[in-house]
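The next block holds one structure in the form of structure tokens; read it before the comments.
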Number of protein chains: 2
Amino acid sequence: MKFFRMTNQREVILEEIGRYKGHPTADLLYERIKKKLPHISLATVYRNLEILSEVGKIRKLEISGRQKRFDRELKEHNHIYCLQCHRIDNIHMVSEQMLASGSEKEIGYKISGCRIEFFGICPECQRKNKPQKQNESADSHVTCKLNTRQREVLAALESYTTPCTGKDIAAMTSLEAAQVSCQLASLKKKGLVASPARWKYKITKAGKDAL
Amino acid sequence: MKFFRMTNQREVILEEIGRYKGHPTADLLYERIKKKLPHISLATVYRNLEILSEVGKIRKLEISGRQKRFDRELKEHNHIYCLQCHRIDNIHMVSEQMLASGSEKEIGYKISGCRIEFFGICPECQRKNKPQKQNESADSHVTCKLNTRQREVLAALESYTTPCTGKDIAAMTSLEAAQVSCQLASLKKKGLVASPARWKYKITKAGKDAL
DNA sequence: CCTTGACATAGTAATTATTACTAATTATTT
DNA sequence: AAATAATTAGTAATAATTACTATGTCAAGG
Ligand SMILES: [Mn+2]
Ligand SMILES: [Mn+2]
Ligand SMILES: [Zn+2]
Ligand SMILES: [Zn+2]
């Protein structure tokens, strides 16, 4: 494992976040830190803000579509931001209560919405994470049924909701039309694609599983 | 008001989002649209995705710290994304229910968290939005009590939680130390800053209001 | 028809925030 | 002290998005 050194730069960065009320951006902090460490580099500030948030000394705040911000407050809390001036304030209630009650008065915001994002590990990634020992066997075992061309065709089909033609697929992939129709035929035989209408193809449940 | 023309480019963009299952990014859509309109420009795709989401024909999805994505589904729903591969899926329950019940099985994600962001208009912006007619009077009325130097000093003080010295403020602003101490004295007389200890200054409630 | 002005476009340049790279520096372990 | 590991400043590069510019399209109104 990697050893974490509390360097002078890191101490000053931490101190400056602590001194600052609110949710400063990396460049704002840089401007301030420069006053104390005139030779520090912006890259150092960025790198250390990242590292400090990884080791849990600060929190990284990623508000959608905006610059990252950093937070000295480690207690669990949510945030509210202004659509107009983009300032960010703390909020200490949970969503439902919040929206229901008239407690918006408390912080003075006129609330127009709320974005909720869950995150975690998707089924595919969970599957990918499991096998660690059988590197080569896994590869040869799973792919023995699908060659790269078939896989490419299947992947292309998977991303469409409506049935599409071989030409469509050829356009989406690096394959030629002839190659595509050849692969489609073979995939259809295996039951991985279906043809709801002449020249129209669509991935099947089995096809999705095979991917 | 601005007139919205449904151009060919816009039709193709809309159609391609509709055909695509999931939450495509601008560049992915561009790659596909190019197959149909080889001369379209990436800037046109970006511009129109923005406009189409403004007029409500699609939804813009801004997942924190990542590329924007677009969604043909207009019904109200939330999203879940994978920390590892960054794929995004729909989710149709509300936060609390979701986390409580074991319904994560349903979508197969291993949920590790949830980000909640409220947004709206902050008190300051609400205030700023009100006066529209008295442009010049507002300016002269509010600022008659605070000159730019005082305002600068006050703003610097406001952003600190701990009391700080005149030197601190001088470092943060474009002002010289002498100027700062002169302004601090005058601000203190007006009750806009307090001095909890010799050489240490701190903004007062009145000072915050004056800003 | 022909002009006028609003809207849109392709192509490109510029911007912004962030990350990657590199050689030098500093701290830690042997 | 020498070897190793972590960190740094400075700079280059990247990625996504937006701004700019000259050109093109279209729908009235005379
Ligand atoms: Mn906070
Ligand atoms: Mn969706
Ligand atoms: Zn995943
Ligand atoms: Zn605001």
Side-chain angles (χ1 to χ4, degrees), chain A residues 1-17 23-55 57-71 81 85-88, chain B residues 1-17 23-55 57-71 81 85-88:
Chain A
M1 198 195 284
K2 220 175 157 185
F3 196 80
F4 174 85
R5 286 185 194 157
M6 184 48 94
T7 61
N8 188 224
Q9 285 90 333
R10 285 174 185 174
E11 252 163 22
V12 174
I13 291 171
L14 261 182
E15 188 192 315
E16 208 59 29
I17 297 179
H23 305 92
T25 56
D27 61 321
L28 194 147
L29 286 168
Y30 172 60
E31 287 308 316
R32 300 197 162 190
I33 291 162
K34 251 198 316 200
K35 304 278 159 68
K36 294 198 177 165
L37 301 175
H39 295 302
I40 201 169
S41 129
L42 177 58
T44 300
V45 172
Y46 266 105
R47 184 165 25 78
N48 285 321
L49 285 171
E50 192 62 42
I51 290 170
L52 287 169
S53 74
E54 267 166 27
V55 302
K57 296 212 178 282
I58 59 175
R59 276 184 59 183
K60 184 167 62 172
L61 224 77
E62 302 181 281
I63 297 292
S64 304
R66 313 231 97 238
Q67 241 177 111
K68 288 180 188 161
R69 289 172 176 273
F70 297 87
D71 197 340
Y81 73 96
C85 69
H86 308 295
R87 68 173 284 164
I88 297 177
Chain B
M1 201 196 282
K2 219 172 157 184
F3 197 80
F4 173 85
R5 284 191 196 147
M6 185 48 96
T7 60
N8 188 226
Q9 285 89 335
R10 285 175 185 173
E11 253 163 21
V12 174
I13 290 171
L14 261 181
E15 187 192 317
E16 208 58 30
I17 296 180
H23 306 91
T25 57
D27 61 321
L28 194 148
L29 285 168
Y30 172 61
E31 286 307 318
R32 299 199 162 188
I33 291 163
K34 252 197 318 200
K35 303 276 160 66
K36 295 200 174 162
L37 301 175
H39 294 300
I40 201 168
S41 127
L42 176 58
T44 301
V45 173
Y46 266 106
R47 185 166 23 78
N48 285 322
L49 286 171
E50 193 63 41
I51 290 170
L52 288 168
S53 74
E54 268 166 29
V55 302
K57 296 210 179 286
I58 59 174
R59 275 182 61 182
K60 184 168 64 174
L61 226 78
E62 302 181 281
I63 297 291
S64 304
R66 311 230 99 238
Q67 240 176 116
K68 288 179 187 159
R69 290 172 175 272
F70 298 87
D71 196 340
Y81 72 95
C85 70
H86 308 294
R87 68 173 284 164
I88 296 178

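To find a chain, count down the sequence lines: A is the first, B the second, and so on, and within it residues start at 1.
The nearest whole Å value for the distance from the CD atom in A:Q67 to the P atom in C:dT15 is 17 Å. Between the CZ atom of A:R5 and the P atom of D:dT7 there is a distance of 6 Å, rounded to whole Å. In this structure, A:Y30 places its OH atom 12 Å from C1' of D:dT11, rounding to the nearest Å. Protein atom CG of A:L28 is 17 Å distant from nucleotide atom C1' of C:dT18, rounded to whole Å. Per the geometry, CZ belonging to B:R66 stands 11 Å off P belonging to C:dT19, to the nearest Å.
B:D27 comes within contact range of no nucleotide atom at all, as no heavy-atom separation falls under 4.0 Å. Nucleic acid contact class of B:T7 (heavy atoms, under 4.0 Å, all strands): sugar-phosphate only.
Phosphate contact (OP1/OP2 of D:dT11, side-chain N/O of A:S41, threshold under 4.0 Å): absent. Close to D:dA9, at under 4.0 Å from its OP1 or OP2, lies a side-chain N or O of A:T44. Between B:N8 and D:dT25 there is no side-chain polar atom (N or O) within less than 4.0 angstrom of OP1 or OP2. Using a 4.0 Å cut-off, some side-chain N or O of A:R47 falls inside it from OP1 or OP2 of D:dT8. Checking the phosphate oxygens (OP1, OP2) of C:dA8, a side-chain nitrogen or oxygen of B:R10 falls inside 4.0 Å. Contact check, A:Y46 against C:dT19: no side-chain N or O comes under 4.0 Å of OP1 or OP2.
Closest contact between the side chain of A:Q9 and the listed nucleotides C:dT28, C:dA10, D:dT8 involves D:dT8.
Mapping B:E50 and A:K2 onto DNA chain D via the closest heavy atom, the residue that lands nearer the 5' end is A:K2. Each of A:L42 and B:K68 has a nearest nucleotide on DNA chain D; the 5'-most of these lies closest to A:L42.
Enclosure of atom NZ in B:K34 by more than 12 non-hydrogen atoms of other residues, nucleotides or ligands within 6.0 angstrom is indicated.
Remark: the backbone N or O of A:I88 is paired with a side-chain donor or acceptor of A:H23 at under 3.5 angstrom.
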